[in-house]
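Letters go in sequence order (proteins before strands), and every chain restarts at 1. A quick note: this is a predicted structure, and the numbers were derived from the prediction, not measured.
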2 protein chains.
Amino acid sequence: MARTLARSPLAPAAFPDLPVIGGLRFASIAAGVRYAGRTDVMLAVLDPGSTVAGVFTRSATRAAPVLDCQAKIGAESGAGAAIVVNSGNANAFTGRNGEEATRAVTSAVAAATGLPEARVFSSSTGVIGEPLPHDRITARLDELTAALDPAGIAGAAQAIMTTDTFPKGATETVSLPQGEVRIAGIAKGSGMIAPDMATMLVYLFTDAKIDRAELQQMVSAINARTFNCITVDSDTSTSDTLLMGATGASGVSVTAQDAPFAEALERVMLDLAQQVVRDGEGATKFITVNVTGAASDADARTHALSIANSPLVKTAIAGEDPNWGRIVMAVGKSGAAADRDRLTIHFGALLVAENGWVSPEYREEAGAELMKQPEIEISVDIGLGEGRATVWTCDLTHGYISINADYRS
Amino acid sequence: MARTLARSPLAPAAFPDLPVIGGLRFASIAAGVRYAGRTDVMLAVLDPGSTVAGVFTRSATRAAPVLDCQAKIGAESGAGAAIVVNSGNANAFTGRNGEEATRAVTSAVAAATGLPEARVFSSSTGVIGEPLPHDRITARLDELTAALDPAGIAGAAQAIMTTDTFPKGATETVSLPQGEVRIAGIAKGSGMIAPDMATMLVYLFTDAKIDRAELQQMVSAINARTFNCITVDSDTSTSDTLLMGATGASGVSVTAQDAPFAEALERVMLDLAQQVVRDGEGATKFITVNVTGAASDADARTHALSIANSPLVKTAIAGEDPNWGRIVMAVGKSGAAADRDRLTIHFGALLVAENGWVSPEYREEAGAELMKQPEIEISVDIGLGEGRATVWTCDLTHGYISINADYRS
């Protein structure tokens with residue numbers, strides 16, 4: 001059943017005005033997969049000539065649609081592509097039935113759109129372990145294809161939501177010497193979020209013309225610095241999928257050498273990744289964890305995630321308690337190299353601890369005042385080397401417990 | 001400040017009747033280290049001839065008393081020993097001041113008891129990052145030594161508590177061909193509990209006569225199967241300490257060949273470890289996670305801890321929701337080898353899922369009924385090999401959030 005959760009206090013003011021991407025149309029429908037009274041299936045169709053890249057969960061218990069996407073993603077094709085997504089049912093841990101349900105949906109979409117089945121990518125999100133009622137989706141494909149609309153992306157962002165309290169979109173327009181191109185993306189996710197690939201569903205589109213292999217390389221590299229650097233609860237979904245389609249409709253060719261494009265794509269992906277954190281289940285604080293001075297970048301990431309995933313750190317922040325001792329604890333337990341007496345800890349610009357102890361100039365009231373803000377920045381210098389990492393997370397509140405103890409997601 | 005938390009619903013009916021261990025005396029006192037109106041320092045003195053073994057946190061940000069214990073633990077000595085423990089202040093991340101405070105306490109205890117300083121072991125538990133007011137402890141040592149009492153162990157179990165809602169004790173009497181010996185132990189801990197050594201304070205005593213190196217080997221091996229197999233919140237303390245003293249006062253010599261002794265010691269340690277989980281902050285369910293059929297014992301442990309530490313699994317159990325999909329998710333994210341279609345999941349004796357899908361004979365109502373019990377057993381067979389592990393944990397509730405978001409521990 002769908003529940004109406006209060007919109008996250010950390011949500012952006014409004015859904016952005018996403019541009020039309022040439023060569024791309026969307027439709028959404030209320031198919032009653034599980035939820036009543038809301039859209040729950042979206043279809044995106046990309047024109048012939050589009051390239052598609054993807055990044056997927058590394059969970060050993062991946063859902064059937066993820067395995068199907070992974071089998072298809074590397075192929076070259078000029079035939080166009082479709083992306084079909086349902087919410088309400090993840091089609092995960094559904095055995096052989098799961099593969100059959102995925103095939104039923106992708107083959108019906110292929111027939112309805114005239115695309116080869118190998119070019120139909122699907123995602124499912126929602127409850128695990130229940131058979132996907134695929135006939136509820138396939139029965140409505142004529143309606144869906146008839147409704148395809150170049151301006152339908154905002155509706156698509158709504159249709160893919162589960163426990164999300166707001167739809168997530170981001171866009172950039174990039175002026176290059178060879179012409180102007182647009183990037184637009186949508187995402188869903190608010191629980192079962194941890195950095196093992198996207199840990200959510202993300203669909204990105206551009207009207208730039210990009211070689212498939214180059215697009216894949218770009219998306220994989222930027223994913224490592226954006227979606228793989230967020231965590232809500234350290235739990236990794238079985239269905240995480242990021243797909244990016246480049247339609248080429250602008251006629252403007254883009255390569256990895258076009259830095260402004262890659263930078264704009266990174267802003268879009270980081271914006272969407274941070275929106276997922278801002279919609280973290282029960283979140284009341286948006287937390288940036290910077291680690292510098294680690295023995296390596298990998299060590300910095302280990303420390304940053306140890307802090308960001310620590311229930312004691314997250315509950316302290318929920319309680320607006322500047323409990324830096326719990327940050328020391330999280331650094332100490334991470335397994336990465338650290339020396340107690342070389343740690344330096346800042347909250348925002350406020351020096352809290354250095355040389356193995358609380359700073360003589362630190363006053364608890366100043367720390368407590370900072371903790372009242374909705375956006376908290378924790379910076380830890382390990383004092384050992386040059387390794388650095390930034391991770392984004394949210395606090396752990398009664399809201400998280402209520403959502404997850406009372407709701408069969 | 002001390003708060004009175006309601007006694008855990010999972011607590012044992014009563015503190016056990018612990019036997020007097022010959023060659024061992026205890027005293028406790030209210031020194032006002034941080035808490036008012038309760039005892040907060042305990043002293044244990046072991047007669048000459050006692051051997052002492054220990055296991056400690058592997059945190060990179062270990063507290064000063066832990067480092068001091070580690071420096072002292074391996075030495076052979078016939079001089080007897082003392083253990084001094086305060087609650088209210090962990091003397092952790094206190095820089096050079098921390099080492100000075102530890103030395104002030106241990107040297108004063110040495111002077112008061114006539115022991116060499118190298119034979120005085122200390123522990124501190126409580127708030128991190130604040131200087132230990134060691135003079136409040138040293139000022140009371142004459143009173144403490146005057147109060148030493150062979151029957152004082154129950155008072156010691158009280159004095160070492162922090163957020164614990166009940167004192168923890170366990171005992172066994174072992175009849176061996178060469179005579180009868182006694183084991184008695186006390187422990188504290190309810191938050192910041194994760195399996196990286198004891199993750200709490202544990203003091204074990206026996207009147208058996210045991211070689212120091214042999215005692216150390218026995219304690220380390222059993223620790224790996226008991227205290228290192230519990231987790232409340234995946235957070236590892238900076239102060240975890242387990243010390244075991246063997247006074248030899250019974251005149252009965254025990255070696256590693258005396259299986260009944262090792263088995264009894266394991267029962268005592270497992271009992272104390274499980275009592276810590278039963279006092280997990282906010283716990284309403286005691287959860288046993290069995291993993292079998294993993295590629296190795298190490299893989300089994302990785303899967304078991306991934307399940308036991310998953311916030312989504314723990315909140316589902318708090319909500320009495322038989323959400324086995326989250327168990328599949330936790331196995332999938334663990335990083336250890338798994339094959340979705342070979343998993344078998346039981347709740348207690350109830351077959352829930354097999355061959356990659358929910359079992360045809362499983363009924364949700366039966367699962368929901370089981371989840372209402374205070375003791376939940378989750379068994380997952382990975383279907384790949386012979387590896388096995390068992391881990392104990394508790395659920396994640398509003399109580400955990402309340403304790404940790406509102407309390408500066």
(request) Under the side chain to side chain contact (heavy atoms under 4.5 Å, CB included) rule, collect the residues that match up with A:Arg342, sequence neighbours excluded. (result) A:Asp339, A:Leu384
(message) At a 4.5 Å cut-off on heavy atoms, which part of A:Thr397 comes close to chain B: side chain, backbone, both, or neither?
(response) backbone
(message) Can you tell whether the side chains of A:Glu99 and B:Arg340 come within less than 4.0 Å, N to carboxylate O?
(response) yes
(request) Against chain B, label A:Arg96 side chain, backbone, both or neither, depending on which of its atoms sit under 4.5 Å from a heavy atom there. (result) neither
(request) Give a yes or no on whether the backbone of B:Gln373 and the side-chain of B:Lys285 come within a donor-acceptor separation of less than 3.5 Å. (result) yes
(message) I need the residue from B:Asp341, B:Val358, B:Asn97, B:Thr94 with the largest number of non-hydrogen atom pairs under 4.5 Å to chain A.
(response) B:Thr94
(request) With a 4.5 angstrom heavy-atom cut-off, could you sort out which part of A:Ile327 is near chain B: side chain, backbone, both or neither? (result) neither
(request) For A:Thr344, check side chain to side chain contact (heavy atoms under 4.5 Å, CB included) against everything at least two apart and list the hits. (result) A:His346, A:Leu351, A:Glu354, A:Asp381
